[in-house]
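FYI, the numbering just counts along the sequence from 1.
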Amino acid sequence: SDSIQKPYAEHATVYRAINALSRNIARIPPEIFAKGSDNPLESHPLLKLFEQPNKLMRGTQLFEALTIDLESWGNGIWWLGPTALVTRGQRVPASIRRLDPCRIKVELDGNDEPLNYVYRRQSEDLKIPAAEIVHFKFWNPYDSKWGMSWTEPAQLEFDGDYAAMKWNREFFINGAEPGGIFSAKDDHIITETAAERIRVQWINRHRNKAHEPMIVPSGAEFKSEGMGQKDMDFVNMRRYSRENTLSTSGMPPAIAGILEFANYANMAPQIRLFFHLELLPRPTYIQSVIQSDLIERVGLNVDIYFKTEE
């Protein structure tokens, strides 16, 4: 396909931008406070749940996966397991399972509120009540029930860069010459049989063989009709695409490892810009959703706060 279906896995710039966000957010520790207290609890069942949410995740992977889903698709879906009595009458979910946003469909009730989340599986669809789902989403002005990521407006940008990468790769694999026309030279005549033989020999000799010497048959001349790589300004085109993709993601070039114009004077401002404008708002939003759709839903008398102080 000429269009990228999985930006995080298929495009290096998208991967770098999302990876920088997800790993930095995952390392911000969540803290749990008793209502009305300014002192964080040293231990709490929720903290243990976040560290071991299910059989497949450990440590900070729950929040890393959540950020990757939000940045890639604009949505992050947690499926809460049944609540279990822990201590002193407190109930917390037994597990948190991450669901693939690409396989989710939201069903609304008569008041346009989420009723069920339908999870598409190979065997059959699974209908999950909305009360068991925590839905994180970046606001989408065109669909209030489903989020939108920055990768959507950037799709055309990295699709073009992806096509350039594929063309560049094929350029070297297929002989570095896109093709052309054989014609008779002077008063020579090339019969249909001879023309077909020349065509087949040319393909067999040059396909998948980069930089092979060209041997033109006697009485014929070759005129290239393709566009050589030198005619396509790959370096500038790909640099422009990379800069636009990073700009759409909100990622300063230096944070993404682009140090071409980096120096001591501009590195520190880029780091501060990244922290205050891009990194800080994300855990603030995540903690608000956890507070309302997890903690308050199960009736815990605590608050959550991500420690984002520099």
OG of Ser249 to CD of Glu71, rounded to nearest 0.5 Å, is 8.0 Å
Quiz item: Is it true that a side-chain atom of Gln291 and a backbone atom of Ile304 form a donor plus acceptor pair closer than 3.5 Å?
Solution: yes
- Task: Answer with yes or no after comparing the ring centroid distance for Tyr119 and Trp79 against a 6.0 Å cut-off, counting only values under it.
- Result: no
| query | Can you tell me if Ser37 uses its side chain to pair, donor with acceptor, with the backbone of Phe33 under 3.5 Å? | reply | no
Original post:
Going hydrophobic residue to hydrophobic residue with side-chain gaps under 4.5 angstrom, can you get from Leu115 over to Ile104?
Top reply: no
Given side chain to side chain contact (heavy atoms under 4.5 Å, CB included), test Leu99 with Trp78 step by step and report yes or no. CA-CA 6 Å; Leu99 298 182; Trp78 284 0; over 6 Å; no
Discussion item. Do Trp150 and Val14 make a side-chain contact, defined as non-hydrogen atoms from C-beta onward lying under 4.5 Å apart?
Written reply: yes
His135 ring center within less than 6.0 Å of Trp146 ring center:
yes
Under 3.5 Å donor-acceptor pairs involving side-chain atoms of residues 54-62, not counting sequence neighbours:
unit_1, atom_1, unit_2, atom_2, d
Asn54, OD1, Leu56, N, 2.8
Asn54, OD1, Met57, N, 2.9
Asn54, ND2, Ile96, O, 2.7
Arg58, NH1, Asn54, O, 2.6
Gln61, OE1, Arg58, N, 3.1

Keeping Ser72 on the side-chain end and Asp69 on the backbone end, is there a donor-acceptor pair under 3.5 Å? no
For Leu66 and Phe136 the tightest heavy-atom approach is CD1-CD1, 3.5 Å
One should read off an interatomic distance between Ile133 CD1 and Arg97 CZ, to the nearest 0.5 angstrom, of 9.5 Å
- Task: Evaluate the side-chain proximity of Lys35 to Val302: yes if any heavy-atom separation is below 4.5 Å, no if none is.
- Result: no
*Is Leu156 atom CG crowded by more than 12 heavy atoms from other residues, nucleotides or ligands, each under 6.0 Å away?*
no
(request) Look only at the side chain of Ser247 and the backbone of Glu243, and say whether a donor-acceptor pair between them is shorter than 3.5 Å. (result) no
Is any side-chain heavy atom of Met148 closer than 4.5 Å to one of Trp139?
no
Inset, instruction - Kindly indicate whether the side chain of Leu294, heavy atoms from C-beta on, has any atom under 4.5 Å from the side chain of Leu46. - result: yes
In the structure I gave you, are the side-chain heavy atoms of Leu280 and Phe274 within less than 4.5 Å of one another anywhere? no
Between the OG atom in Ser43 and the CD1 atom in Ile32, the distance rounded to the nearest 0.5 Å is 11.0 Å
task = May I ask you to decide if Ser144's main-chain N or O and Asn140's side chain share a donor-acceptor pair within less than 3.5 Å?
result = no
Using a strict threshold of under 4.0 Å (side-chain N to carboxylate O), is an ion pair present between Glu64 and Arg27? no
Indicate the ring-plane relationship of Phe50 and Phe63, choosing parallel, tilted or perpendicular according to the 30° and 60° boundaries. perpendicular
> Got a donor-acceptor contact below 3.5 angstrom from the Tyr285 side chain to the Lys137 backbone?
Replying inline: yes
- [ ] Would you check if Phe158 and Pro7 make a side-chain contact, meaning some heavy-atom pair closer than 4.5 Å?
- [x] yes
Apply side chain to side chain contact (heavy atoms under 4.5 Å, CB included) to residues Leu41 and His44 and explain how you reach the verdict.
CA-CA 7 Å; Leu41 300 174; His44 191 274; 3.8 Å; yes
Q. Just by modelled atom types, is the Gly147 backbone N or O under 3.5 Å from a matching donor or acceptor in the Asn75 side chain?
A. yes
Polar side-chain atom of Arg120 near backbone of Cys102 as donor-acceptor pair, under 3.5 Å:
yes
Next item on the list: Determine, stepwise, if the pair Val118 / Ile128 fulfils side chain to side chain contact (heavy atoms under 4.5 Å, CB included).
Entry: CA-CA 6 Å; Val118 181; Ile128 306 170; over 6 Å; no
Query raised in the report: Do Trp73 and Leu21 sit in the same hydrophobic cluster, where Ile, Leu, Val, Met, Phe, Trp and Tyr count as joined when their side-chain heavy atoms come under 4.5 Å apart?
Result: no
Report task. For Gln155 and Ile4, indicate whether the former's side chain and the latter's backbone hold a donor-acceptor pair under 3.5 Å. Result -> yes
Asp303 vs Ile295 side-chain heavy atoms within contact, under 4.5 Å:
no
field: Carboxylate-amine/guanidinium contact Arg242 Asp161, below 4.0 Å
entry: no
Nearest heavy-atom contact between Gly250 and Glu278 is O-CG, 3.0 Å
Closest heavy-atom pair, Gly76 versus Leu70, reported as atoms and distance to 0.1 Å, is N-CD2, 3.9 Å
CD (Glu42) and CD (Glu31) are apart, to the nearest 0.5 Å, by 11.5 Å
For Pro114 and Ala130 the tightest heavy-atom approach is O-CB, 3.4 Å
In this structure, CG of Leu279 is separated from CZ of Arg272 (nearest 0.5 Å) by 15.0 Å
Worksheet item: Do Ile286 and Val298 belong to the same hydrophobic cluster, where Ile, Leu, Val, Met, Phe, Trp and Tyr are linked whenever their side-chain heavy atoms lie under 4.5 Å apart, directly or via other members?
Response: yes
- Would you please test Gln287 and Tyr305 for side chain to side chain contact (heavy atoms under 4.5 Å, CB included) and show each step? CA-CA 6 Å; Gln287 76 184 25; Tyr305 176 74; 3.9 Å; yes
*asked:* Under a 4.0 Å threshold between the charged nitrogen and the carboxylate oxygen, would Lys145 count as salt-bridged to Asp143?
replied: yes
On a heavy-atom basis, the closest approach of Pro153 and Thr248 is CG-CG2, 4.3 Å
d(Arg282 CZ, Ile28 CD1) to nearest 0.5 Å is 11.0 Å
Heavy atoms of Pro283 and Thr308 approach each other most closely as CG-CG2, 3.9 Å
Residues at least two apart in sequence or cross-chain that pass side chain to side chain donor-acceptor pair (under 3.5 Å) with Asp293, listed by chain then number, are none
Exercise for review: Output yes when a side-chain donor or acceptor of Asn24 lies under 3.5 Å from a complementary backbone atom of Ala20, and no otherwise.
Suggested key: yes
For Arg23, is the CZ atom crowded, meaning more than 12 foreign heavy atoms sit under 6.0 Å from it? no
